[in-house]
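For reference, the structure is listed below as structure tokens.
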Amino acid sequence: SLVVEGSGKDAVVSLYTYNTEGNAVVKIYKKGDADKTALWSWHIWVTGYDPAQDNGWNPKSYGGTTTRNVSFMDRNLGALEAANSVKGCGLYYQWGRKDPFPAKDNVGGFGIADGGSGVTIVQAIQNPGTFYGIASGVNNDDWLSTKNDTLWGGDDESKPKTIYDPCPAGWRVPFSGEGTSSPWYGFGSQAFISDDAGGYVLPVDNNGGQYTQSYWPAAGLRSRLPNSLISLGAGGNYWSATCRDTDVYDLAFNSSDFASNHFYDRANGMPVRCVKEITP
């Protein structure tokens with residue numbers, strides 16, 4: 001149940017789950033607005049996993065001239081378990097947007113829309129449940145009519161986390177780049193697993209020769225057109241925050257290939273695996 005407690009500046013939106021796991025997007029709108037146009041929205045992620053208690057999975061040093069640590073969550077954003085399973089696939093994000101989408105259209109009020117003449121950031125905020133197609137008149141296969149490379153922070157991790165970054169407090173979308181500057185550099189020597197949702201189990205040295213494992217499901221992606229889930233169980237794509245020309249760097253894999261510095265179109269919906277924020 002969803003309850004608004006208090007009023008004015010002291011109002012609090014409380015979600016009571018009664019021990020039920022799942023995901024929801026909660027929006028607020030101006031009182032009396034018959035269209036219920038969102039002023040803002042939040043993703044509520046209810047699962048047995050508590051990011052606040054996670055000290056960071058597998059610190060991994062990478063980077064060309066600058067070595068830094070990256071600590072991934074043990075599961076995808078929105079996932080209900082850390083496993084190569086459908087529940088482990090999590091949710092899907094159009095690049096730069098803060099609100100997630102389920103695997104299927106028209107679930108719980110989520111819908112699709114053609115990009116039309118173009119979508120602004122304000123329109124995206126006002127319609128958190130709408131998955132937009134490619135905006136006409138742009139050459140970068142973007143849902144946004146005017147390209148913006150900084151929605152998830154760009155290529156400089158020293159910048160503050162943006163309000164559009166979908167990761168929980170203390171976490172953010174990983175930065176990426178070519179070669180060793182990719183956060184997934186060196187992961188590709190493992191074998192693809194074909195059972196359940198498919199994917200990779202990736203062991204990484206956990207500061208001292210002790211190896212632990214994390215599942216990276218082949219969650220597929222929500223295609224920018226025709227807005228449908230493809231490659232579930234056969235391939236995986238994971239967003240980074242860093243753009244490459246008109247595209248964005250991502251991790252891409254299937255049963256025969258593992259690309260740690262792949263790049264893809266922004267209008268696609270793809271999973272996110274958050275990394276722990278660096279403490280100044």
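Values reported hereafter were calculated over all heavy atoms of this structure, with side chains retained and with hydrogens, waters and symmetry mates removed.
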Practice prompt. Report yes or no: is the cationic atom of Lys98 (NZ for Lys, CZ for Arg) under 6.0 Å from the centre of the six-membered ring of Trp40, at an angle within 45° of the ring normal?
Written response: yes
Verify the distance criterion only: is there a donor paired with an acceptor across the side chains of [X] and [Y] at less than 3.5 Å?
X: Glu178; Y: Ser182; result: no
X: Ser240; Y: Asp250; result: no
X: Ser14; Y: Glu5; result: yes
X: Asn148; Y: Thr150; result: yes
X: Asn254; Y: Ser256; result: yes

For the hydrophobic clusters of this structure (ILVMFWY residues joined by side-chain heavy atoms under 4.5 Å, transitively), does one cluster hold both [X] and [Y]?
X: Leu77; Y: Tyr164; result: yes
X: Leu151; Y: Tyr249; result: no
X: Val86; Y: Tyr93; result: no
X: Val248; Y: Phe263; result: no

Discussion item. Can you tell me if Lys161 has over 12 outside heavy atoms packed within less than 6.0 Å of its NZ?
Written reply: yes
Worksheet item: So does Tyr29 have more than 12 non-hydrogen atoms from other groups sitting under 6.0 Å from OH?
Response: no
Worksheet item: Which residue, Arg266, Lys159, Arg244, forms the salt bridge (Lys or Arg N to Asp or Glu O under 4.0 Å) with Asp149?
Response: Arg266
Item to complete: Measure the spacing between CD1 of Ile44 and CG of Asn23 and express it to the nearest 0.5 Å.
Response: 9.5 Å
Worksheet entry | Ile125 backbone acceptor or donor facing Asp99 side chain under 3.5 Å | no
Discussion item. Looking at every heavy atom in both Gln94 and Trp143, which two are closest together, and how far apart are they?
Written reply: NE2-CB, 3.8 Å
